[in-house]
Number of protein chains: 2
Amino acid sequence: MLTDRQLFLLQLLVNDYVVSAEPVGSRSIAKRDDVHFSPATIRNELADLEEMGFLEKTHLSSGRVPSEKGYRFYVDHLLSPVLLSEDEVGNIRHAYRKKFSEKEELIRVTAQVLSEFTNYTAIMLGPELMDMRLKHIQMVKLNQTQGVLIIVTDTGHVENKMVTFPKSIRAEDIEKIINILNDKLENVPLYQLQARLNKEISNVMRLHIRDYNRVMNMLQESLTMDDPEQIFCSGKNNILAQPEFQDVKKIISLLNVLEGKEIVHEIMSMPATGLHIRIGRENKLNGIEDCSLITTTYSMGGEHLGTVAVIGPKRMAYPRVVTLIDTVSKILTENLTK
Amino acid sequence: MLTDRQLFLLQLLVNDYVVSAEPVGSRSIAKRDDVHFSPATIRNELADLEEMGFLEKTHLSSGRVPSEKGYRFYVDHLLSPVLLSEDEVGNIRHAYRKKFSEKEELIRVTAQVLSEFTNYTAIMLGPELMDMRLKHIQMVKLNQTQGVLIIVTDTGHVENKMVTFPKSIRAEDIEKIINILNDKLENVPLYQLQARLNKEISNVMRLHIRDYNRVMNMLQESLTMDDPEQIFCSGKNNILAQPEFQDVKKIISLLNVLEGKEIVHEIMSMPATGLHIRIGRENKLNGIEDCSLITTTYSMGGEHLGTVAVIGPKRMAYPRVVTLIDTVSKILTENLTK
DNA sequence: AATTAGCACTCGGATAGATCGAGTGCTAAC
DNA sequence: GTTAGCACTCGATCTATCCGAGTGCTAATT
């Protein structure tokens with residue numbers, strides 16, 4: 001039930017506000033070449049849009065600013081994805097020119113690219129450790145009592161744990177243990193490791209290994225997986241340059257939110273497929289009421305792997321960010337899959 | 001040649017300024033119970049101290065503030081190390097209660113403890129990767145063409161590299177290669193790996209392995225070590241709460257410095273033994289002219305491993321930080337060594 | 001000779017008006 | 001339906017003023 005002219009004006013106003021960060025008045029809209037009606041007409045239209053809840057004023061006689069409802073409408077109906085210039089596409093590709101020897105590095109670089117090109121903050125969630133499956137397990141002895149237990153997963157992720165083994169243990173025993181583990185635990189999801197260890201392995205172990213109890217304790221401990229998420233964050237400071245965050249208190253509270261774990265939960269609460277936008281209070285997390293969150297996902301060979309997120313002010317360059325996050329997540333998927 | 005009274009007043013003034021962050025006037029000093037002379041006398045003394053360069057005024061009729069020379073003198077001659085309360089020692093120990101399965105985690109937690117207890121920013125430098133020696137090397141095949149190369153060092157650090165191998169390669173070949181590498185490269189410093197590979201290994205390899213060239217290329221690439229330093233930083237945001245950084249521009253520039261690599265070089269330029277303090281412009285790095293840097297080192301079984309640093313405003317609680325950084329680095333060394 | 005009381009002076013910070021300009025809503029004319 | 005005109009609002013900026021915490025200097029006191 002918005003007239004074409006109202007749609008047009010709403011779009012103009014959001015676009016204008018996004019770059020200027022100042023409330024937009026009727027005069028400044030009327031000045032544009034593509035607007036052929038007077039400030040007074042515009043005032044009337046804007047008053048209507050305000051009445052419908054799409055716009056707000058910061059004070060009685062100020063210009064207008066989009067409300068959250070306004071942004072939502074804009075994002076849902078007026079957002080025309082922007083094309084990246086060839087230069088920019090080239091620059092992005094350039095960031096991926098080098099060979100990546102670790103998957104983590106690839107993800108980290110993606111976060112960097114995204115934060116640099118959007119000028120907002122990028123957060124990448126890696127695959128959940130718990131969902132991976134064990135591919136191979138290995139023990140390296142460092143000295144008489146210490147060693148490193150290495151766990152390689154099907155996705156090529158490597159976890160390592162410092163272990164202290166009982167003095168009584170012999171080198172052959174260690175080898176035996178590792179063989180048993182590799183034999184019995186291949187392709188078991190990490191979250192099941194401990195359970196399997198207790199159920200299926202303890203029997204075999206008891207037969208072959210001296211000092212059974214101590215060894216089991218040691219393994220028990222080493223196979224505890226904590227770190228539930230891998231997080232790569234880049235461009236935290238970008239947000240500080242935004243005019244809406246010139247207040248030191250806001251800066252502190254926002255930075256603290258970005259450091260914390262809650263932001264990860266917020267991101268994980270986004271639908272797990274496709275591109276999604278949460279504007280201001282649509283986010284459930286306190287502290288980012290004035291921010292918008294855009295997420296999409298990336299994968300590796302068809303398998304969903306993790307989430308890409310950009311967080312910036314509500315007054316965000318939505319078209320550009322949408323295009324960028326989409327492009328970058330595709331490049332990442334491509335790179336991971338090949 | 002400062003009189004006792006001047007020493008006393010300088011100490012009082014620094015202590016006062018450190019907690020209040022306000023220029024200190026003669027009246028407020030005279031009010032103290034342990035001061036038995038009048039504001040006028042104090043003014044005379046402070047004027048002398050100022051003339052000698054230990055104090056400064058922010059404007060003509062303001063109270064006094066320590067100059068860098070003043071801080072330096074304070075740190076060198078007046079610093080009385082503070083004792084931690086039993087509660088605090090308990091709290092610190094408490095942070096280390098859990099078992100650490102990775103050395104990195106232990107260092108990370110130490111950074112956290114230090115930043116929390118000092119309320120400044122803690123930066124820990126891990127051991128230089130390049131100085132470590134190879135303990136064991138291992139390849140895990142993920143699928144037909146991809147695998148993970150795992151490098152374990154003598155310090156128990158684990159590096160992993162994604163590799164793509166030529167299709168022609170056979171499982172036995174991989175095993176042979178790894179055996180050769182382990183045989184020839186044990187205890188070789190990481191920075192020599194590539195050179196050794198070319199010199200000593202290529203001959204053996206040529207004899208035993210088909211598709212020699214491709215394999216060598218693959219290994220060549222995998223044994224390139226980049227990441228020269230491990231950095232753990234905690235409490236970046238603590239500094240923001242300090243009254244001297246209430247200016248958004250300062251915040252941004254300081255945070256950018258803390259993100260950057262230069263701060264690592266600055267820390268590495270500190271003497272490699274004992275506890276050291278650099279005040280304000282004594283730091284060569286632009287952007288931390290208003291900060292002080294305190295560093296010491298930690299080790300593992302007698303072997304120097306890395307550096308602990310705290311960065312805060314020049315107006316820093318030196319006695320407390322010195323005690324804390326010392327305590328914490330000892331605990332870390334203890335934990336690593338045992 | 002060292003200390004201190006007294007006093008004029010300085011300067012930053014807070015407070016209160018005055019002014020300006022960009023904006024609005026409303027009414028009446030086009 | 002559109003627009004010109006006008007009274008009105010409110011934040012931002014500037015200015016003047018005042019206050020208080022501080023100083024340095026001089027002269028009196030110990």
Side-chain angles (χ1 to χ4, degrees), chain A residues 1-10 12-14 16-17 19-67 70 243-244 246-248, chain B residues 1-10 12-14 16-17 19-67 70 243-244 246-248:
Chain A
M1 317 65 326
L2 292 182
T3 66
D4 280 356
R5 193 164 70 187
Q6 285 170 332
L7 290 176
F8 177 57
L9 285 173
L10 178 56
L12 280 191
L13 189 140
V14 174
D16 190 339
Y17 182 62
V19 310
S20 73
E22 300 282 322
V24 183
S26 54
R27 256 178 64 90
S28 73
I29 294 182
K31 268 186 202 139
R32 296 180 50 111
D33 292 349
D34 51 351
V35 171
H36 302 291
F37 19 91
S38 75
T41 310
I42 295 172
R43 278 203 290 282
N44 288 330
E45 295 284 37
L46 295 189
D48 288 350
L49 283 168
E50 185 181 351
E51 214 167 301
M52 288 184 274
F54 294 112
L55 299 178
E56 285 169 354
K57 284 190 286 199
T58 60
H59 64 268
L60 197 59
S61 72
S62 78
R64 260 90 172 189
V65 157
S67 67
E244 39 267 86
Q246 289 316 78
D247 176 29
V248 181
Chain B
M1 313 6 43
L2 295 181
T3 66
D4 280 358
R5 192 164 71 186
Q6 285 171 331
L7 291 176
F8 177 57
L9 285 173
L10 178 55
L12 281 190
L13 189 141
V14 174
D16 189 340
Y17 182 62
V19 310
S20 73
E22 300 282 324
V24 183
S26 54
R27 254 178 65 88
S28 72
I29 294 183
K31 269 187 202 139
R32 296 179 49 113
D33 291 349
D34 50 352
V35 172
H36 304 290
F37 20 89
S38 75
T41 311
I42 296 171
R43 277 201 292 281
N44 288 330
E45 295 284 37
L46 295 188
D48 288 350
L49 283 167
E50 184 180 351
E51 215 166 300
M52 289 184 271
F54 295 113
L55 300 178
E56 285 170 352
K57 285 191 284 198
T58 59
H59 63 269
L60 197 59
S61 72
S62 77
R64 261 90 172 190
V65 159
S67 68
E244 38 266 87
Q246 289 316 79
D247 177 28
V248 181

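Per chain, numbering begins at 1; letters A, B, ... match sequence-line order.
- Residue B:Leu55 contributes atom CG, which lies 15 Å from atom P of D:dG22 at whole-angstrom precision.
- When the C1' atom of D:dT2 is taken as reference, atom CD of A:Gln6 falls 15 Å away, rounded to whole Å.
- Side-chain atoms of A:Asn44 lie closest to D:dT3 of the nucleotides D:dT3, D:dT23, C:dG25.
- Ranking D:dT23, C:dG25, D:dT3 by closeness to the A:Ala47 side chain, first place goes to C:dG25.
- The residue A:Thr58 sits apart from the nucleic acid: no heavy atom pair falls under 4.0 Å.
- More than 12 non-hydrogen atoms from other residues, nucleotides or ligands lie less than 6.0 angstrom from CZ of B:Arg5.
- When the P atom of D:dA21 is taken as reference, atom CG of B:Leu60 falls 18 Å away, rounded to whole Å.
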Item to check | Full working for side chain to side chain contact (heavy atoms under 4.5 Å, CB included) between B:Leu49 and B:Leu2 | outcome: CA-CA 9 Å; B:Leu49 283 167; B:Leu2 295 181; 4.0 Å; yes
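- In terms of phosphate contacts, B:Ser61 brings no side-chain nitrogen or oxygen within less than 4.0 Å of OP1 or OP2 of D:dT23.
- Contact annotation: A:Arg43 side-chain N/O to D:dT3 OP1/OP2 distance is not under 4.0 Å.
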Checklist entry - So A:Val14 and A:Val24, side chain to side chain contact (heavy atoms under 4.5 Å, CB included) or not? Walk me through it. => result CA-CA 9 Å; A:Val14 174; A:Val24 183; over 6 Å; no
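- Atom CD in B:Glu22 sits about 17 Å away from atom P in D:dG20, given to the nearest Å.
- Minimum atom distance to the side chain of B:Arg64 is reached by D:dG24, of the listed D:dG24, C:dA5, D:dT3.
- Contact annotation: B:Thr41 does not reach the phosphate of C:dT3 (side-chain N/O to OP1 or OP2, under 4.0 Å).
- Checking the phosphate oxygens (OP1, OP2) of C:dT4, no side-chain nitrogen or oxygen of B:Arg27 falls inside 4.0 Å.
- For the pair B:His36 and A:Lys57, nearest-nucleotide mapping onto DNA chain C gives the more 5' position to B:His36.
- Closest to the side chain of A:Ala40, out of D:dT9, D:dT3, C:dA5, is D:dT3.
- The side chain of A:Ser62 places no N or O atom within less than 4.0 Å of a non-bridging phosphate oxygen (OP1 or OP2) of D:dG11.
- Atom NE2 of A:His59 is separated from atom C1' of D:dA12 by 10 Å (rounded to the nearest Å).
- When the nucleotides D:dT9, D:dG11, D:dG24 are ranked by their closest atom to the side chain of B:Glu50, D:dG24 comes out on top.
- Between A:Phe54 atom CZ and A:Leu13 atom CG the span is 13.0 Å, to the nearest 0.5 Å.
- If you take CD of B:Glu56 and P of D:dT23, they are 15 Å apart, rounded to a whole angstrom.
- Rounded to whole angstrom, the span from the CD1 atom of A:Ile42 across to the C1' atom of C:dA22 amounts to 15 Å.
- When the C1' atom of D:dG22 is taken as reference, atom CG of B:Leu46 falls 11 Å away, rounded to whole Å.
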Item to check | CA sep, side-chain torsions, deciding dist, call: A:Met52, A:Met1, side chain to side chain contact (heavy atoms under 4.5 Å, CB included) | outcome: CA-CA 10 Å; A:Met52 288 184 274; A:Met1 317 65 326; over 6 Å; no
